Amino acid sequence: RTPISLTGAPVMRVDPLQSRTLDRADIRDIRRWHVEAARRAVTAGFDLVYVYACHHYLLHTFLSPITNPRTDEYGGSAANRVRLVKELLTDVKEAVGDKLAVAIRWSADTGLETGDALDPDQLEMARLIDGLPDLWDVTISDYLSIMGISRFVKEGPLEAKVAQFRRAVTGPMVTVGRYTSPESMLRLVKSGAADMIGAARPSIADPFLPQKIEQGRLDDIRECIGCNICYAH
């Protein structure tokens, strides 16, 4: 199967491949694939499925006017650019009903801003789909900041932008940032910037992190240092 993309650009993996520009039939396929995958997740017994709309994957390219040159109902205005994400959230929620939760992975920023102020278009798109996701999983566009090693990127590098984004939407929110300090986690939640902490790398470093916090064994926590050996493999 020939890879598809929004603009038909080459796809660079191990070997370069030429993708083709997706059309309306492809969009229908994308919606159907999401629904089929969500139904399989229900059968498999999962608690949560994602619509993944960030980090430069296909859905993310629809959101930016820079990467989305379409002139139909999926391009142009913020409402049009977020249309496919909105359709997918609606489709998936209808497919799974109340059997599991539907989350969205979303970037608080576009990556093109100067400073911490967020792009109004990005916030408008978020407001247009607010109420559909059962959970907002909020990150930022700069993967080097998200996955930075501890020597150069300190704990919670996303906080300033995530806190701004929190004021734009109403649904429950989780965010990341290599949180290993219980004090930092508590501060983030108490501030209202997020409702939950996502801790992938910290949980790899110490699978018993939540239990140790619950038991007050803070000195026993094996902290993630962001060496990224786990990510490399």
Side-chain angles (χ1 to χ4, degrees), residues 1-38 49-93 95 102-114 117-130 132-133 135-147 158 161-162 164-165 168-169 171 173-176 198 231:
R1 178 184 291 270
T2 303
I4 57 175
S5 68
L6 199 53
T7 60
V11 178
M12 299 301 292
R13 292 289 186 250
V14 176
D15 297 310
L17 296 170
Q18 180 64 48
S19 65
R20 66 173 174 79
T21 303
L22 58 84
D23 56 24
R24 282 186 173 85
D26 295 316
I27 289 176
R28 289 193 295 271
D29 283 341
I30 290 167
R31 294 177 65 177
R32 175 173 55 83
W33 294 334
H34 274 72
V35 166
E36 291 172 352
V49 292
Y50 266 70
V51 172
Y52 204 99
C54 67
H55 290 146
H56 315 293
Y57 292 105
L58 178 62
L59 298 184
H60 194 191
T61 63
F62 274 84
L63 302 179
S64 170
I66 294 175
T67 54
N68 183 350
R70 296 180 75 100
T71 57
D72 61 4
E73 68 271 30
Y74 291 98
S77 69
N80 281 356
R81 298 198 310 273
V82 80
R83 185 183 304 275
L84 179 57
V85 173
K86 188 173 184 177
E87 289 173 343
L88 289 172
L89 285 168
T90 303
D91 292 344
V92 171
K93 286 180 72 71
V102 178
I104 186 166
R105 195 90 197 274
W106 185 270
S107 178
D109 65 357
T110 64
L112 301 174
E113 298 92 337
T114 55
L118 301 181
D119 187 315
D121 253 18
Q122 191 79 350
L123 295 177
E124 181 185 352
M125 288 188 291
R127 293 188 188 100
L128 287 169
I129 60 174
D130 192 29
L132 285 173
L135 177 69
W136 286 92
D137 186 342
V138 181
T139 180
I140 61 173
S141 294
D142 183 5
Y143 215 62
L144 293 179
S145 291
I146 301 167
M147 294 294 291
L158 293 63
K161 291 179 177 178
V162 168
Q164 290 180 66
F165 186 82
V169 298
M173 182 180 296
V174 62
T175 190
V176 296
Y231 180 66

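It should be emphasised that the depicted structure is a prediction, and the values quoted were computed from it without experimental measurement. In this chain, residues are counted from 1 in sequence order.
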Report yes or no: does [X] contribute a side-chain atom to a donor-acceptor pair with the main-chain N or O of [Y] at less than 3.5 Å?
X   : Y    : value
K93 : L132 : yes
Q18 : G8   : yes
R81 : G76  : yes
S19 : P3   : no

Quiz item: Would you say the side-chain atoms of R83 and Y74 include a donor-acceptor pair closer than 3.5 Å?
Solution: no
Which distance, rounded to the nearest 0.5 Å, do you find between the [atom1] of [X] and the [atom2] of [Y]?
X    : Y    : atom1 : atom2 : value
I146 : C54  : CD1   : SG    : 7.0 Å
T175 : D137 : OG1   : CG    : 7.0 Å
I66  : L112 : CD1   : CG    : 4.5 Å
H56  : S64  : NE2   : OG    : 10.0 Å
F165 : I140 : CZ    : CD1   : 13.0 Å

How close do [X] and [Y] get, heavy atom to heavy atom, and via which atoms?
X    : Y    : answer
L88  : R31  : CD2-CA, 3.6 Å
S141 : G111 : OG-N, 3.6 Å
L6   : T61  : CD2-O, 3.2 Å
V162 : V138 : CG2-CG1, 4.1 Å
Y52  : R105 : OH-NH1, 3.0 Å
L89  : P133 : CD1-CG, 4.1 Å

Self-check item: Worked verdict on T139 versus L158 for side-chain contact (heavy atoms from CB on, under 4.5 Å)
Solution: CA-CA 7 Å; T139 180; L158 293 63; 3.8 Å; yes
Exercise. Name all residues meeting the salt bridge (charged side-chain N to carboxylate O under 4.0 Å, His left out) criterion together with E113; count only those two or more places apart in sequence or in a different chain, and write none if there are none.
Key: none
Exercise. Starting from the C-alpha separation in whole Å, work towards a yes-or-no answer on side-chain contact (heavy atoms from CB on, under 4.5 Å) for W106 and I129.
Key: CA-CA 11 Å; W106 185 270; I129 60 174; 3.7 Å; yes
Practice problem: Please determine if R32 and D29 form a salt bridge, counting it only when a charged side-chain N lies under 4.0 Å from a carboxylate O. | Solution: yes
Quiz prompt | Derivation of the side-chain contact (heavy atoms from CB on, under 4.5 Å) call for L22 and L58 | solution = CA-CA 10 Å; L22 58 84; L58 178 62; 3.8 Å; yes
Practice problem: Would you sort out whether L84 and I27 count as a side-chain contact (heavy atoms from CB on, under 4.5 Å), showing the intermediate values? | Solution: CA-CA 8 Å; L84 179 57; I27 289 176; 3.8 Å; yes
Self-check item: Residue pair P69 / T7, side-chain heavy-atom distance below 4.5 Å
Solution: yes
Exercise. Please examine the side chains of K161 and D142, heavy atoms only from C-beta on, and report whether any two atoms are closer than 4.5 Å.
Key: no
Quiz item: Taking the six-membered ring for Trp, are Y231 and Y143 parallel (under 30°), tilted (30 to 60°) or perpendicular (over 60°)?
Solution: tilted
Quiz prompt | Pair listing, salt bridge (Lys or Arg N to Asp or Glu O under 4.0 Å) test, anchored in residues 64-73, at least two apart | solution = R24-D72, R24-E73, R70-D72
